Protein chains: 2
Amino acid sequence: MKLATWNVNSLRVRLPQVIDWLQQNPVDVLCLQELKLPQDKFPLDALQAIGYQAVWAGQPTYNGVALISKTEGTQVQRNIPHFEDPQQRVIAATYDSAKGPIRVISAYCPNGQAPDSDKYIYKMQWFAALENWLSDELQHYPHLAILGDYNVAPTDLDVHDPKKWEGKIHVSPAERAAWQKLIDLGLHDAFRHIHPEDPGFTWWDYRRGAFRRNAGLRIDHALLSTPLLTHCSDCLVDKSPRANEQPSDHTPVIVQLDL
Amino acid sequence: MKLATWNVNSLRVRLPQVIDWLQQNPVDVLCLQELKLPQDKFPLDALQAIGYQAVWAGQPTYNGVALISKTEGTQVQRNIPHFEDPQQRVIAATYDSAKGPIRVISAYCPNGQAPDSDKYIYKMQWFAALENWLSDELQHYPHLAILGDYNVAPTDLDVHDPKKWEGKIHVSPAERAAWQKLIDLGLHDAFRHIHPEDPGFTWWDYRRGAFRRNAGLRIDHALLSTPLLTHCSDCLVDKSPRANEQPSDHTPVIVQLDL
DNA sequence: GTAGGCGTCG
DNA sequence: CGACGCCTAC
């Protein structure tokens with residue numbers, strides 16, 4: 001079973017690339033973030049035409065997440081329960097595997113703007129709510145995978161120029177502490193587990209030729225529950241879509257689960 | 001010698017189509033309208049790369065005209081003399097031919113919005129200034145051609161559905177009278193001269209599949225001075241660019257001058 | 001319907 | 001830099 005995550009930065013604009021990518025990479029579940037389209041504008045037909053199903057949570061202009069899958073997802077959950085939020089940042093569904101149900105979550109964690117901003121406070125509250133919810137989910141679903149754009153680079157290895165990023169969002173101590181709390185729930189960073197030394201950047205700023213200079217961050221992650229990690233044989237970043245014509249600033253991360 | 005006119009509705013967007021069209025149709029002078037780019041953003045390099053020169057008058061967002069030519073134009077005139085106007089709607093230059101100099105003008109006449117609007121008044125004033133200037137120009141340049149988007153359909157033959165257009169801009173009596181005053185200067189409608197019966201639409205609204213239904217207007221014209229008309233052996237509308245992927249709403253008009 | 005700007009976001 | 005919504009223009 002293959003899972004993947006991709007912040008597409010507008011599904012309307014990126015749909016041809018997503019279709020193309022899925023045909024080249026027929027993963028079982030693709031988690032999307034930043035759909036940037038209202039609930040009723042989701043391009044379900046185009047995805048069904050290539051043999052995929054989908055569940056999604058959209059809103060106009062901002063955010064929006066989806067799960068694109070070969071089989072139908074059940075127990076679909078939009079947003080974090082008990083965390084009232086007009087922003088659509090989470091969708092979860094359960095998929096069948098040979099080893100029983102797998103809970104898959106697509107998450108678009110807040111960006112946080114700047115460490116002294118209201119949006120940073122929201123980011124921290126959001127992570128607290130996520131952690132609280134995940135501790136619950138892990139009770140119900142031992143096989144749990146949460147993939148998405150975390151907007152956190154967990155360590156300096158995940159940052160092209162740690163000096164430059166000091167004191168900025170994505171790397172601040174509070175954000176890294178929030179990340180650690182997720183890990184402490186019994187979740188594992190699949191890419192870092194497989195590649196202890198590879199930076200594995202997943203995002204490059206559109207500006208100043210960041211991709212060309214490989215001036216990136218690793219902020220898109222696949223977190224796996226301990227029982228799932230035992231089945232994880234590979235995790236990789238597919239840099240190629242970042243070199244497309246009209247690219248997203250993020251690129252996909254793929255996890256191979258042998259089950 | 002071949003002259004042509006094309007309202008491109010953003011040269012930035014249409015540049016590849018213009019390059020392509022010039023390579024298929026290596027006219028001597030191409031008059032462009034609605035560049036929609038500031039003076040310093042004109043894509044001179046791309047045109048030079050295919051062997052063309054250019055003079056232009058740009059402004060941000062709106063209007064803007066150019067003369068793209070194989071040989072250098074001289075006595076370049078931007079705007080109508082003695083008619084102060086921040087809107088860039090006219091550029092003129094002189095080109096050499098076997099029979100002596102030819103004055104070529106690219107004109108983007110005002111749209112006029114609606115017959116009861118301020119913009120309509122401006123349109124009428126603009127035409128008066130144009131007429132005044134052209135009577136002068138004709139004294140200096142017996143071989144004069146003024147090509148462009150006139151935003152006037154001279155007769156009902158130039159309108160797909162004259163009933164529907166009654167009382168609207170492009171066809172109002174005052175606009176047609178302004179057109180007639182240009183004709184009365186000793187200018188001749190090249191297309192209508194060659195094709196007395198062919199509607200020869202040059203513009204189709206982007207909306208409601210107007211091009212598919214051929215619901216167009218003939219509002220782009222080549223006017224020739226009497227001495228030039230004697231050399232005019234053909235005039236045609238090239239509808240093909242209107243069928244392009246991201247088309248302008250206008251399509252080129254080409255004049256063949258045997259000199 | 002298809003342009004370009006602006007302001008906002010990331 | 002490149003999304004979107006809103007505005008204006010044609």
Side-chain angles (χ1 to χ4, degrees), chain A residues 7-15 17 33-38 41 58-64 87 89 108-114 117-120 122-123 149-152 168-170 203-213 215 217 219-220 242 244-250, chain B residues 7-15 17 33-38 41 58-64 87 89 108-114 117-120 122-123 149-152 168-170 202-213 215-217 219-220 242 244-250:
Chain A
N7 178 323
V8 288
N9 188 14
S10 170
L11 183 55
R12 230 190 299 252
V13 174
R14 232 66 67 194
L15 181 62
Q17 295 179 45
Q33 301 87 40
E34 285 209 83
L35 307 182
K36 288 189 172 176
L37 46 78
K41 297 290 184 195
Q59 69 175 89
T61 317
Y62 301 120
N63 312 307
Q87 303 187 29
R89 297 184 170 278
Y108 175 47
C109 309
N111 169 286
Q113 198 168 50
S117 66
D118 287 356
K119 285 172 184 162
Y120 186 84
Y122 165 73
K123 183 174 190 170
D149 175 1
Y150 288 76
N151 274 311
V152 175
K168 301 226 170 105
I169 49 158
H170 303 118
W203 172 86
W204 298 262
D205 198 306
Y206 282 121
R207 289 162 284 189
R208 281 164 269 112
F211 183 59
R212 187 182 36 77
R213 298 183 291 113
L217 297 179
I219 55 178
D220 300 87
R242 188 59 179 79
N244 285 351
E245 269 301 310
Q246 237 191 324
S248 169
D249 45 351
H250 297 252
Chain B
N7 177 324
V8 289
N9 187 16
S10 168
L11 183 54
R12 229 190 300 253
V13 173
R14 234 65 67 194
L15 180 61
Q17 295 179 45
Q33 300 88 38
E34 284 209 85
L35 306 182
K36 288 189 172 177
L37 45 79
K41 297 291 183 194
Q59 70 176 88
T61 317
Y62 302 120
N63 313 307
Q87 302 186 32
R89 296 185 171 277
Y108 175 48
C109 309
N111 169 285
Q113 197 169 50
S117 68
D118 287 355
K119 285 172 184 166
Y120 186 84
Y122 165 72
K123 183 175 190 171
D149 175 1
Y150 288 76
N151 274 311
V152 175
K168 301 228 171 105
I169 49 157
H170 302 118
T202 63
W203 172 85
W204 299 263
D205 198 306
Y206 283 122
R207 288 161 284 191
R208 281 166 266 109
F211 183 61
R212 188 183 33 78
R213 297 184 292 112
L217 297 180
I219 55 178
D220 300 87
R242 187 60 178 79
N244 284 351
E245 269 299 312
Q246 235 190 326
S248 168
D249 43 353
H250 297 252

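Throughout, a chain's letter reflects where its sequence line sits, starting with A, and its residues are numbered from 1. In this text, all values refer to a predicted model and were calculated from it rather than measured experimentally.
- Regarding B:His250, its NE2 atom lies at a distance of 17 Å from the P atom of C:dG1, rounded to whole Å.
- Regarding contacts with the backbone of D:dT8, every side-chain N or O of B:Gln113 stays at 4.0 angstrom or more from both OP1 and OP2.
- Between B:Lys36 and B:Arg12, the closest side-chain pair of non-hydrogen atoms is not below 4.5 Å.
- The nearest heavy atom of DNA chain D to A:Asp205 and to A:Thr61 marks one nucleotide each, and the one closer to the 5' end goes with A:Asp205.
- Closest to the side chain of B:Pro60, from the set C:dG10, C:dG1, C:dG5, is C:dG5.
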Begin with the C-alpha distance, continue with both residues' side-chain angles, and end with the deciding distance and a verdict on side-chain contact (heavy atoms from CB on, under 4.5 Å) for B:His250 and B:Val8. CA-CA 7 Å; B:His250 297 252; B:Val8 289; over 6 Å; no

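- Between A:Tyr206 atom OH and C:dC9 atom C1' the separation is 13 Å, expressed in whole Å.
- Residue B:Glu245 contributes atom CD, which lies 16 Å from atom P of C:dG1 at whole-angstrom precision.
- Taking side-chain N and O atoms only, A:Arg14 has a distance below 4.0 Å to OP1 or OP2 of D:dA3.
- Nearest heavy atom pair, residue B:Asn9 against residue B:Arg14, reads O-NH2, 2.6 Å.
- Within the 4.0 Å cut-off from OP1 or OP2 of D:dG5, at least one side-chain nitrogen or oxygen of A:Arg12 is found.
- Residue A:Lys41 is classed as having no contact, given no heavy-atom separation below 4.0 Å to the nucleic acid.
- Between A:Ser10 and D:dC4 there is a side-chain N or O to OP1 or OP2 distance below 4.0 Å.
- Between A:Gln246 and D:dA3 there is a side-chain N or O to OP1 or OP2 distance below 4.0 Å.
- Among the protein residues, A:Arg208 comes within range of no part of the nucleic acid, since none of its heavy atoms lies under 4.0 Å from any strand.
- In this structure, CD of A:Gln59 is placed 13 Å from C1' of D:dG5, rounded to the nearest angstrom.
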Criterion side-chain contact (heavy atoms from CB on, under 4.5 Å) on B:Ile169 and B:Asn151, from CA distance to verdict: CA-CA 8 Å; B:Ile169 49 157; B:Asn151 274 311; over 6 Å; no

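- Looking at heavy atoms from C-beta onward, B:Thr202 lies in side-chain contact with B:Ile219 at the 4.5 angstrom threshold.
- Rounding to whole angstrom units, CG of residue A:Asp118 and C1' of C:dC9 are separated by 15 Å.
- The distance from atom OH of B:Tyr150 to atom P of D:dC10 is 19 Å, rounded to the nearest whole Å.
- Phosphate proximity of C:dG5 to B:Lys36: absent, as no side-chain N or O sits under 4.0 Å from OP1 or OP2.
- Rounded to whole angstrom, the span from the CG atom of B:Asn9 across to the C1' atom of D:dT8 amounts to 14 Å.
- To the nearest angstrom, C1' of C:dT2 lies 13 Å from OH of B:Tyr62.
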